[in-house]
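The block underneath contains the structure these notes are about, expressed in structure tokens.
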Amino acid sequence: MNKRKILVTSALPYANGSIHLGHLVEYIQTDIWVRFQKMCFPKEDGHEIYFVCADDTHGTPIMLSAEKEGITPEVLIERVHNEHLRDFTGFHIEFDNYYTTHSPETRQYSEDIFTRLKAVDINLITTRSIEQFYDPVKNIFLPDRFIKGECPKCGAKDQYGDNCETCGAAYAPTDLKKPYSAVSSAALVTKTSEHFFFKLSDNRCVKFLQRWTREKNHLQPEAANKMREWLGEAGENKLFDWDISRDAPYFGFEIPDAPGKYFYVWLDAPIGYMGSFKNLCNRRGINFDEFWKKGSKTELYHFIGKDILYFHALFWPAMLEYAGYRTPTRIFAHGFLTINGEKMSKSRGTFITAENYLKQGLNPEWLRYYYAAKLNGTMEDIDFNLDDFTARINSDLVGKYVNIASRTAGFLVNYFDCQMADLSCEDAANILSQKSEEPKIPLTEELLGNASLIRTHLENRRYNLAISEIMTLTGKVNEYWDRQKPWDKAKQIDDATQKHALHMVSSETIECFRILTIFLKPILPKLAQMAEFFLNVEPLRWNDLWNTLPQGHQINAYEHLMTRIDRKKIDALISASK
RNA sequence: GGCGAAUUAGCUCAGUGGUUAGAGCAGCGGAAUCAUAAUCCGUUGGUCCCCAGUUCGAAUCUGGGAUUCGCUACCA
């Protein structure tokens, strides 16, 4: 059998803020996919699947934040790293490595890639003098977001450098009148300095990207279309060279042989995927080159938000290609999160951090399930509707799925010493079939018949359809149970036929619960773990779908697996987020 | 302004080889009582954004428009 070797990444969160529900869409989406792959291709069978991520730690905003707090950037990013990892762990995001871009490994590959791109035979790095706003008090060049001034059109004061809130005019930061620093309030001066550029507009890059972005499903169709817009058609060249350096003082990596020049944070951020993986390789003895060398047969997947498609679908593959590394197998972009149909907002209490969500006592798997129920593999935005959220969890998970175990377990415990019946016995088909007419198909068979469809949906990241299928099946199990009326059979427990039927029906239903648990496990790992304890089985993998619990297998007494959402908790969360 | 996406039941969403448009939740009416009130059966509800076109037939294809959201460009 073919051994799969897969490396998966989520985008690196910036070390300048807390993880919020918007971030979590991506990490939950990725985590579900990785857990699903690991279930299908277990390590014991020789497959290797790794999920790495890291904090994105460099740049002016980090430097300024640290200064504002009176600490060094190193102390700041160390603290934030711990917070981020705590939050991810709280939502059961299971990284193989959660590292930092401020690391020797990331420095090594940043320097390596830069040096290779700069080499005479490649020659994709150039230098150019550019003029930028400079804060003479702080003695730093300022990114656009820290520049304010008067609108060149209507003269409104204190406007940012992209557009005017008063008259709606759009312009460049350099158009602002009386530009000043949002950091020090000092009047800005313009100053010239030399920058390094990655020659993205070079014909080689343009041609390579026009091909790469369209072939082999590297991108989703909508993303590929977007790239077509940015890249232009064959013969056109709409790309600009990419400014990849910043002047000291800057928190980042100094560029080799260029004192006082640093790599722009967006250069080393994606390289952080390599750095994090390298760090994992060193600790676990994994062959890094096998995953990253040109022509590698391993698979590399990046999950990202649609806002950073530009970096991952243009700069990143071009950099890798010409620095002599492999390029990504596929890039999966997702949309943004809205809450009750609107952007997250502090004043409405919908800017909800991961920390707050957990602190208010909400179950992280509620959110995992809800996101999964909405995610569809496209770049469309998904909406977190609080009422729908409550209804769905309570109805689907507690009312339907968990209820199956809850209402069935007692019969096995009370009448059959917790033991499973022989589901393959001679009269099984007759007892278990839902229908009286032929062919008599036990319910478990029907569930298993949908396994490949559910698997395809999960593989394609159409979690919404997977959940829809799973819930249809969950409904069928409850219907089956109701039709069989085991409680009536229990009243005739002295009748051997009735007793046998009760045992068979209860066991069959538990077996259905086991199958549903496998389907849901990538989405609800903790709940699945509790279910595994209840079923008294080893951690379930995908192939266990066909390993029916044997006759005499003993389950444990049922303990409740999940509670309902109390609407008050949601309201408290909203209040706490204001 | 240009380009792209979206618009389906009260809510959240499926649905393109062109038949009488679907699910879950909510609502309404029943049944049941094994289950931490959880379940099951039945049922109400839709000019599939609007207009026009192609067709025997359009939620689905074409054109125009509206609204929302992105990206992009800002002219004279």
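The analysis underlying the following values was restricted to heavy atoms, covering all of them including side chains, and did not include hydrogens, waters or symmetry mates. Order of the sequence lines sets the chain letters (A, B, ...), proteins ahead of strands, with each chain counted from 1.
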### Task
Using heavy atoms to find the nearest nucleotide of RNA chain B for A:Tyr370 and A:Asp396 separately, return the residue whose nucleotide is more 5′.
A:Tyr370
#### Entry: Out of B:U12, B:C41, B:A35, whichever nucleotide has its closest atom nearest the side chain of A:Asn403
B:A35
### Query
For B:C13, does OP1 or OP2 lie under 4.0 Å from any side-chain N or O of A:Asn385?
no
### Summary
Taken to the nearest whole Å, CZ/A:Phe411 to C1'/B:U33 is 10 Å
### Message
Counting the atoms with a prime plus P, OP1 and OP2 as sugar-phosphate, which does A:Leu465 contact under 4.0 Å by heavy atoms, base, sugar-phosphate, or nothing?
### Response
sugar-phosphate
Please tabulate, one pair per line, all N/O donor-acceptor pairs under 3.5 Å involving side-chain atoms of residues 510-529 of chain A, not counting sequence neighbours.
residue  : atom : partner  : partner atom : Å
A:Glu511 : OE1  : A:Arg514 : NE           : 3.2
A:Glu511 : OE1  : A:Leu549 : N            : 3.2
A:Glu511 : OE2  : A:Arg514 : NE           : 3.2
A:Glu511 : OE2  : A:Arg514 : NH2          : 2.9
A:Arg514 : NH1  : A:Asp544 : O            : 2.9
A:Arg514 : NH1  : A:Asn547 : O            : 3.4
A:Arg514 : NH2  : A:Asp544 : O            : 2.8
A:Arg514 : NH2  : A:Leu545 : O            : 3.3
A:Arg514 : NH2  : A:Asn547 : O            : 3.1
A:Thr517 : OG1  : A:Tyr401 : OH           : 2.7
A:Thr517 : OG1  : A:Phe513 : O            : 2.7
A:Lys521 : NZ   : A:Glu532 : OE2          : 2.7
A:Lys521 : NZ   : A:Leu540 : O            : 2.9
A:Lys526 : NZ   : A:Gln529 : OE1          : 3.3

### Query
If you check the A:Lys400 side chain, which of B:A32, B:U12, B:G24 turns out closest?
B:G24
### Message
Looking only at the side chain of A:Lys491 (C-beta and beyond, no hydrogens), which of the listed nucleotides B:U39, B:C34, B:A35 gets closest?
### Response
B:C34
### Task
Could you check which of B:U33, B:A35, B:C40 has an atom nearest any side-chain atom of A:Glu479?
B:C40
### Task
Compute both the distance and the angle, then confirm whether A:Lys306 meets the cation-pi test with A:Phe336: under 6.0 Å from the six-membered ring centre, within 45 degrees of the axis.
yes
#### Entry: Any A:Asn464 side-chain N or O less than 4.0 Å from OP1/OP2 of B:A14
yes
### Message
By the 4.0 Å heavy-atom rule, please label A:Asp307 as base, sugar-phosphate, or nothing.
### Response
nothing
### Query
With a non-hydrogen cut-off below 4.0 angstrom, is A:Ser395 in contact with a base, only sugar-phosphate, or nothing?
sugar-phosphate
### Message
Please confirm whether the shortest side-chain N or O distance from A:Arg462 to OP1 or OP2 of B:G15 is below 4.0 Å.
### Response
yes
### Query
Is the phosphate of B:G70, meaning OP1 or OP2, less than 4.0 Å from a side-chain N or O of A:Lys306?
no
### Task
Please state the C1' separation for the pair B:A6 and B:C13 - nearest whole angstrom.
14 Å
#### Entry: A:Asn376 side chain, from C-beta outward: closest of B:U12, B:A14, B:C40
B:A14
### Task
Rounded off to whole Å, could you give me the CZ-to-P distance for the A:Phe336 and B:A5 pair?
18 Å
### Query
In what stems does RNA chain B take part, counting only runs of at least 3 consecutive Watson-Crick or G-U pairs whose two distances fall under 3.5 Å?
B:1-7 with B:66-72, B:10-13 with B:22-25, B:27-31 with B:39-43, B:49-53 with B:61-65
### Query
Checking all strands, does A:Gly410 fall into the base, sugar-phosphate, or nothing category for heavy-atom contacts under 4.0 angstrom?
nothing
### Query
Rounded to whole angstrom units, what separation is found between the CZ atom of A:Phe240 and the P atom of B:A73?
8 Å
### Query
For the base of B:C34, is there a side-chain donor-acceptor partner from A:Trp481 under 3.5 Å away?
yes
